[in-house]
Amino acid sequence: MERKSDNATANRIYDEFDPIFNWKTEQGFETLTIYLPGFRKEQLKVQVTTTRKVRVMGERPAGANKWIRFRKEFPIQANIDVDSIGAKFEGANLVVKLPRLPMGRGGQTSPIGTTAKPPPVPKETSTKEKEAGVEKHAEKAPLPKPSREEETKRAEKEKALKATEKENVCDGVKQDYRSKVNAYKENLGGYVALMKNNQRAITLGMVAPAAAVLLLSLGFYAGQMFTS
């Protein structure tokens, strides 16, 4: 019989259950209410750990070989009398009573009529809820205001960047001007060389006719002398 029971337990398929709970501050104690639909009293366990936490766990069958189970731990405030903590199951709710210590033993209690918040309890949230919470926090989170030192550094960086851009523009203008001057010098040199060549050609062209005229004159003069 024990072997069959062990095999049945080993073959169980568990679905983790995250129950809904809430805290309520009342006169003289804190009340923790956990909503556990479908559970029975004998399927639940409530423990107070040595680390000052209320541990609640349970499991129940869900048909075929499937089981539903949960396990939650809730921190206990410093002003709670751990020896007097009690729990009872009412309908589908597990109600845990945490009595507060008298004044002067373990801290101050909450004034009557005020809403005292219990210690924060980590709650498992889904991925969508986490993403929605992050987006909501990002929308509401104010942008940090830069300090005076950061503003000064940023202004200096912008000034240095503008100076660098100006130098780059000046260098580009200078380089373009130099290239144009060099091109002008090359064109001027070619023009001067062309003028020199043309001047030589013009000089030769003028000397040749003059020499011919001179030779003709000398011939004519010599002929006159021979005939006379």
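Because only heavy atoms are used, hydrogens play no part in the values below, and waters and symmetry mates are left out as well, while side chains stay in.
With sequence neighbours excluded, no residue forms a salt bridge (charged side-chain N to carboxylate O under 4.0 Å, His left out) with Glu156. When the ring pair (Phe, Tyr, Trp, His ring centres under 6.0 Å) test is applied to Phe89, no partner is found at least two apart in sequence or on another chain. Partners of Lys45 by side-chain hydrogen bond (donor to acceptor under 3.5 Å, both in side chains), not counting sequence neighbours: none found. Residues passing the side-chain hydrogen bond (donor to acceptor under 3.5 Å, both in side chains) test with Gln47, sequence neighbours excluded: Arg55. The side-chain hydrogen bond (donor to acceptor under 3.5 Å, both in side chains) test applied to Thr51 returns Thr49, not counting sequence neighbours. With sequence neighbours excluded, no residue forms a side-chain hydrogen bond (donor to acceptor under 3.5 Å, both in side chains) with Thr152.
No chain of hydrophobic side-chain contacts below 4.5 Å, direct or via other Ile, Leu, Val, Met, Phe, Trp or Tyr residues, connects Val46 to Val95. The same ILVMFWY cluster, assembled from side-chain heavy atoms under 4.5 Å apart, contains both Val48 and Ile80.
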If you apply the rule salt bridge (Lys or Arg N to Asp or Glu O under 4.0 Å), what do you find for Glu151 with Lys153, and how did you get there? CA-CA 5 Å; Glu151 290 180 353; Lys153 289 182 179 180; over 6 Å; no
Set out, in order, the CA-CA distance, both residues' side-chain angles and the distance that settles side-chain contact (heavy atoms from CB on, under 4.5 Å) for Asp15 and Phe70, then state yes or no. CA-CA 9 Å; Asp15 288 335; Phe70 74 96; over 6 Å; no
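Taking CZ of Phe74 as the reference point, atom CD of Glu30 lies at 13.5 Å (rounded to 0.5 Å). With rounding to the nearest 0.5 angstrom, the CG atom of Asn79 is 11.0 Å from the CD1 atom of Ile76. Once rounded to the nearest 0.5 Å, the distance linking CG of Asn65 with CZ of Arg12 reads 8.0 Å. Summarising the geometry, atom CD1 belonging to Ile34 is positioned 9.5 Å from atom CG belonging to Asn93; distances are rounded to the nearest 0.5 Å. Note that the CD1 atom of Ile68 and the CD1 atom of Ile13 stand 12.5 Å from one another [nearest 0.5 Å]. Between the CD atom in Glu90 and the NZ atom in Lys41 there is a gap of 11.0 Å [rounded to 0.5 Å].
Residues Pro19 and Tyr35 have side chains not in contact (no heavy-atom distance under 4.5 Å, counting atoms from C-beta outward). Looking at heavy atoms from C-beta onward, Glu59 lies in side-chain contact with Tyr14 at the 4.5 angstrom threshold. Put simply, the side chain of Thr31 does not reach to within 4.5 Å of the side chain of Leu98, judged on heavy atoms. For the pair Met57/Lys72, no side-chain contact is recorded, criterion being any heavy-atom separation below 4.5 Å from C-beta on. The shortest side-chain heavy-atom distance between Leu94 and Phe39 does not fall under the 4.5 Å cut-off. With a 4.5 Å cut-off on side-chain heavy atoms, Phe21 and Leu32 count as touching.
Among all heavy-atom pairs drawn from Leu101 and Ala78, the shortest one is CD1-O, 4.2 Å.
Under 4.0 Å is where a charged nitrogen must lie from a carboxylate oxygen, and between Glu26 and Lys97 at least one such pair does.
For the pair Arg100 and Phe29, the NZ or CZ position fails the cation-pi test of under 6.0 Å to the six-membered ring centre and within 45 degrees of the ring normal.
The main-chain N or O of Arg40 is found under 3.5 Å from a side-chain atom of Gln43 such that the two form a donor-acceptor pair.
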